[in-house]
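Take a look at the structure below.
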Amino acid sequence: MTDHNSIIMNTISLELHDWDTEVKKRARKFNTENFSYKIKRMFQLLLQGGELRDDQQVRRYNAITTEMLSIFAQAKVCRDPPSTECLSLEPDLESIMADSRDYDELLWAWKGWRDAVGPPIGELYPQYVELRNIAARNTGHNDESDVWLENYEEEDFEAILDELFEEIKPLYRHLHAYVRRKLQDRYQDRVSATGPIPAHLLGNMWAQQWDNIYDIVRPFPDLESVDITPNMREQDYTVLQMFHIANNFFTSLGLRGMPSSFWKKSMLVKPRDREVICHGSAHDMQKGNDVRIKMCTQIDYDDFYTVHHEMGHCEYYLQYRDQPLVFRAGANHGFHEAVGDTIALSVVTSDYLSKMGLLDGGEFTKNHDIDFLLRQALVKVAFLPFGFMIDKWRWDVFRGITTPENYNSKWWELRTKYQGIEAPVERTAADFDPGAKYHIPSGTPYIRYFVSFLIQFQFHEALCKAKHHEGPIHRCNIYQSKEAGDKLGAMLRMGASRPWQDAMQEITGQRRIDTSAIKSYFEPLFEWLKEQNEGETIGWE
């Protein structure tokens, strides 16, 4: 984020704000009572969201958000003298968190990143909250939390989310207990046998997914690893090759391939001449078929997965391209996140990876199942409480329940309550650890990911039925199934033209978010974990 680009970003943001304000102003003049359902829904979606109406507030808001993102993008963590080495988040610090098994080095990277970005973002964040709430109240909402929740079109959506989390909590707690015991074997008395896990030991800067410590917790180390990273590097995989493989999966279903502009205009590797925010993202340029991905791709298993996730967004953009502009969006934010991940549930199967020459296609035993499902759980199940708590924290911030002096203490209270993790060193009100996560300074709502991580299993189950898959659902691979592609494409083409419940019914036959699919997927692992954890403390003190 250069000064030049910051100026351009501010200018465009102001132009977009003026356009959006004018559209809403005109829309409010209409009495839609006798309009058709389609036109009524257009007006409903046009009028969603908050609105700043004071030019000074608009300029201040844009300046704050740009500054927070610049802090995040440019931050580095420097080694102690005499070393002159300074490390960026991606790939440097994230690589340490993923690969190092040195307790103190992990702590240095963990604390260093939070010290670099937290306090300066924390100084700006209360002003951001105040302005978001002013915008929300200008359009009749109580605060910004109401704006974020209206996308889900359910009055009691928070209560529904609480119920869904309670349904998957037993599986998470057994995974947590198993991982904690393995970490205690590794780090001895630095990990409690009954308490929360230190947050820096789980292979990820935010402890949101734990697959990078797969080597520590793996139950059957003599089996061929499901981590394809070594095979990719041995076969001299390229970043472009990874994206073409993902593109081929979508086209094998009869869906659309990425247009030529995608390959010319996307940023698929980290530039050498400037600092960028490397966090992977997909972009609909709203001009014909111009869709792009921005990503600092690495040749590894995680990014092989992420490539499919981000391309899923692009596929959604292309599928609803013919809808009116206001309907060019996901059925809800969680749907957009779920599309690529649904595809990736097939991509990670041994059936697909062996077809790609990345795994041996030998016999798949019960132990292979457990090994595979454990790694999947380190990604999918470990994430659920993290995906759940971030917006629980932000909603209370917007509501004034959590005030600036309590931002950090409440953050850690929720992380311990839901995730069973704790800060490895003392944190104070002077710290702002939420700011270490990109979605906080960027203002990106996060509950979409919790929703996505549940509904993608519903989608996967439905597509496997369309393919007439027989056998365990975790072994299903829909590659080259036109029947599955037809079902998925029909839902994607709807965009936001109908409530998400209609889109859910189109693909699954259900009208609600349901945990039965994810529980069915992980059932063999859950039973195995209960056996392994017999006599252990389940939960944390």
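These values consider heavy atoms only, across backbone and side chains, with no hydrogens, waters or symmetry-generated copies.
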Looking only at atom types and distance, does a side-chain atom of [X] sit under 3.5 Å from a main-chain N or O of [Y], one as donor and one as acceptor?
X	Y	result
E224	H368	no
S252	F249	yes
R328	G495	no
R186	K182	no
D303	T297	no
Q235	G357	yes
N332	Y152	no

Thinking salt bridges, do [X] and [Y] make one under a 4.0 Å N-O criterion?
X	Y	result
D351	R475	no
R511	D502	yes
R394	D391	yes
D433	R415	no
D284	R321	yes

Query raised in the report: Under 6.0 Å from the six-membered ring centre of F526 and within 45° of its axis: does the NZ or CZ of K530 meet both?
Result: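 Geometry flag: set, cation within 6.0 Å and 45°.
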
Query raised in the report: Taking side chain as C-beta onward, heavy atoms only, is W528 less than 4.5 Å from N533?
Result: no

Query raised in the report: Is I216 close to L201 at the side-chain level, that is, under 4.5 Å between some pair of heavy atoms?
Result: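 Result no, sub-4.5 Å side-chain heavy-atom pair not found.
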
Query - Interatomic spacing from CD1 in I473 to CG in L345 - rounded to 0.5 Å - result: 9.5 Å

Query - Rounded distance (nearest 0.5 Å) linking atom CZ of F250 with atom NE2 of H308 - result: 7.0 Å

Query raised in the report: Near K465 NZ, under 6.0 Å, is it more than 12 heavy atoms from other residues, nucleotides or ligands?
Result: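 Count not over threshold, so no.
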
Query raised in the report: Just wondering, more than 12 heavy atoms not from E166 lying within 6.0 Å of its CD?
Result: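 Yes.
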
**Report entry** Pairs meeting criterion disulfide bond (SG atoms under 2.5 Å apart) with involvement of residues 448-541, two or more places apart
**Finding:** C464-C476

Query - Passing option when F386 is tested against Y418, Y446, W206 for ring-ring contact (aromatic ring centres under 6.0 Å, His included) - result: Y446

Report task. Using the ring-ring contact (aromatic ring centres under 6.0 Å, His included) rule, pick out the option among F165, F453, W395 that qualifies with F388. Result ->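 That would be F165; it is the only one of F165, F453, W395 passing the ring-ring contact (aromatic ring centres under 6.0 Å, His included) with F388.
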
Requested in this report: Tell me whether the centres of the aromatic rings in F157 and W148 are closer together than 6.0 Å.
Outcome: no

Query raised in the report: Is it true that H200 and Y103 have ring centroids separated by less than 6.0 Å?
Result: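 Yes: the rings meet the under 6.0 Å criterion.
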
Query - Partner set under side chain to side chain donor-acceptor pair (under 3.5 Å) for Y352, not counting sequence neighbours - result: none

Report summary line: E536 meets the side chain to side chain donor-acceptor pair (under 3.5 Å) criterion, sequence neighbours left out, with none

Requested in this report: Determine whether the side chains of N231 and Y237 contain a donor N or O and an acceptor N or O closer than 3.5 Å.
Outcome: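 There is no such pair (donor and acceptor under 3.5 Å, judged by atom type) between the side chains of N231 and Y237.
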
**Report entry** Residues E153, R41; criterion salt bridge (Lys or Arg N to Asp or Glu O under 4.0 Å); working and verdict
**Finding:** CA-CA 12 Å; E153 302 185 81; R41 183 159 179 82; 3.0 Å; yes

Report task. Would you please classify the geometry between the H336 ring and the Y316 ring as parallel, tilted or perpendicular, with 30° and 60° separating the classes? Result -> tilted

Report task. Classify the angle between the aromatic ring planes of F72 and Y438 as parallel (below 30°), tilted (30 to 60°) or perpendicular (above 60°). Result ->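 F72 vs Y438 ring planes: perpendicular.
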
